[in-house]
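All remarks here apply to the structure that follows.
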Amino acid sequence: QVQLVESGGGSVQAGGSLRLSCVASGLTYASYCMGWFRQAPGKEREGVAVIDKGGTTMYANSVKGRFTISKDNANQETLYLQMNRLKPEDTAMYYCAAGQRFGGYCSDPVAYYDMDYWGKGTLVTISS
């Protein structure tokens, strides 16, 4: 059974940083497109950053240069999202997701319906 568990959300002021983590069980990151999505109240879920089985990354234009996605396959399957220079518009529930629809590669642009497994989310709130 696949489980994705996010952590690291919280409340910070604009300009601050947070690092989200996602620990997986029941799958190996090396075989999946892994990603972070977010959903703000009243808005659709959007892709923030993804990393494929080869380590290639893609980012939403709104977070390029501020967010960095990475993964650690060595010991425990952990996905990270380092978020710097946070803005109030980054406020959302952030979800970790895994997809194997494209054999471990990520579609461009990535869409939530391309992902097979989801975590329950971690809330990020940025105050101005």
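All heavy atoms count here, side chains included; hydrogens, waters and symmetry mates do not.
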field: Glu46: salt bridge (Lys or Arg N to Asp or Glu O under 4.0 Å) partners, not counting sequence neighbours
entry: Arg38
- prompt: Do Leu18 and Tyr94 belong together in a cluster built from hydrophobic side chains that touch within less than 4.5 Å?
  reply: yes
message: Do Leu79 and Leu4 make a side-chain contact, defined as non-hydrogen atoms from C-beta onward lying under 4.5 Å apart?
response: no
Can you give each donor-acceptor pair under 3.5 Å made by side-chain atoms of residues 48-56, sequence neighbours left out, with the distance rounded to 0.1 Å?
{"from": "Asp52", "atom 1": "OD1", "to": "Gly54", "atom 2": "N", "distance (Å)": "2.7"}
{"from": "Asp52", "atom 1": "OD1", "to": "Gly55", "atom 2": "N", "distance (Å)": "2.9"}
{"from": "Asp52", "atom 1": "OD1", "to": "Thr56", "atom 2": "N", "distance (Å)": "3.0"}
{"from": "Lys53", "atom 1": "NZ", "to": "Gly103", "atom 2": "O", "distance (Å)": "3.1"}

task: Could you note down all residue pairs passing salt bridge (charged side-chain N to carboxylate O under 4.0 Å, His left out) where residues 25-35 supplies at least one of them, sequence neighbours left out?
output: none
query: In chain order, what residues pass the side-chain hydrogen bond (donor to acceptor under 3.5 Å, both in side chains) check against Thr57, with sequence neighbours excluded?
result: none
task: Take Tyr112 and Trp118 through the ring-ring contact (aromatic ring centres under 6.0 Å, His included) test and state the conclusion after the steps.
output: CA-CA 10 Å; Tyr112 67 88; Trp118 294 88; 7.1 Å; no
Please table the atom pairs, donor to acceptor, closer than 3.5 Å between any side-chain atom in residues 82-89 and protein atoms at least two apart or in another chain.
{"from": "Gln82", "atom 1": "NE2", "to": "Asn84", "atom 2": "OD1", "distance (Å)": "2.9"}
{"from": "Asn84", "atom 1": "OD1", "to": "Ser17", "atom 2": "OG", "distance (Å)": "3.0"}
{"from": "Arg85", "atom 1": "NH1", "to": "Gly65", "atom 2": "O", "distance (Å)": "3.4"}
{"from": "Arg85", "atom 1": "NH2", "to": "Gly65", "atom 2": "O", "distance (Å)": "3.3"}

- line: Contacts satisfying salt bridge (charged side-chain N to carboxylate O under 4.0 Å, His left out) that involve residues 10-30 (not counting sequence neighbours) are none
message: Please enumerate all residues that pass side-chain hydrogen bond (donor to acceptor under 3.5 Å, both in side chains) together with Lys43, with sequence neighbours excluded.
response: none
- request: Write down the atom of Met115, the atom of Gly99, and the distance for their closest heavy-atom approach.
  value: CE-N, 3.7 Å
- line: With sequence neighbours left out, the residues meeting salt bridge (Lys or Arg N to Asp or Glu O under 4.0 Å) with Arg66 are Asp90
field: Any donor-acceptor pair under 3.5 Å from Glu6 side chain to Leu20 backbone
entry: no
- request: Please round to the nearest 0.5 Å and tell me the distance separating atom NZ of Lys71 and atom OH of Tyr32.
  value: 12.0 Å
- prompt: Looking at Gly47 and Val110, what are the two nearest heavy atoms and their distance?
  reply: CA-CG1, 4.2 Å
message: Listing request: all salt bridge (charged side-chain N to carboxylate O under 4.0 Å, His left out) pairs with a residue in residues 103-118, at least two apart in sequence or in separate chains.
response: Arg101-Asp114
- prompt: Cluster question for you: counting only ILVMFWY and a side-chain heavy-atom cut-off of under 4.5 Å, with indirect links fine, are Phe37 and Ile69 together?
  reply: no
- request: Scan for disulfide bond (SG atoms under 2.5 Å apart) pairs involving residues 26-63, sequence neighbours excluded, and state none if there are none.
  value: Cys33-Cys106
- request: Find the distance between CG (Leu81) and OH (Tyr59) and round it off to the nearest 0.5 Å.
  value: 7.5 Å
query: Looking at residues at least two apart in the chain, or sitting in another chain, which of them share a ring-ring contact (aromatic ring centres under 6.0 Å, His included) with Tyr95?
result: none
task: Find the distance between OG (Ser107) and OH (Tyr113) and round it off to the nearest 0.5 Å.
output: 7.5 Å
query: What's in the same ILVMFWY side-chain cluster as Val5, cut-off under 4.5 Å, chained through other members?
result: none
field: Atom of Thr78, atom of Ser21 and distance for their closest heavy-atom approach
entry: CG2-CB, 4.3 Å
message: Would you compute the distance between atom CD of Gln3 and atom SG of Cys22 and round it to the nearest 0.5 angstrom?
response: 10.5 Å
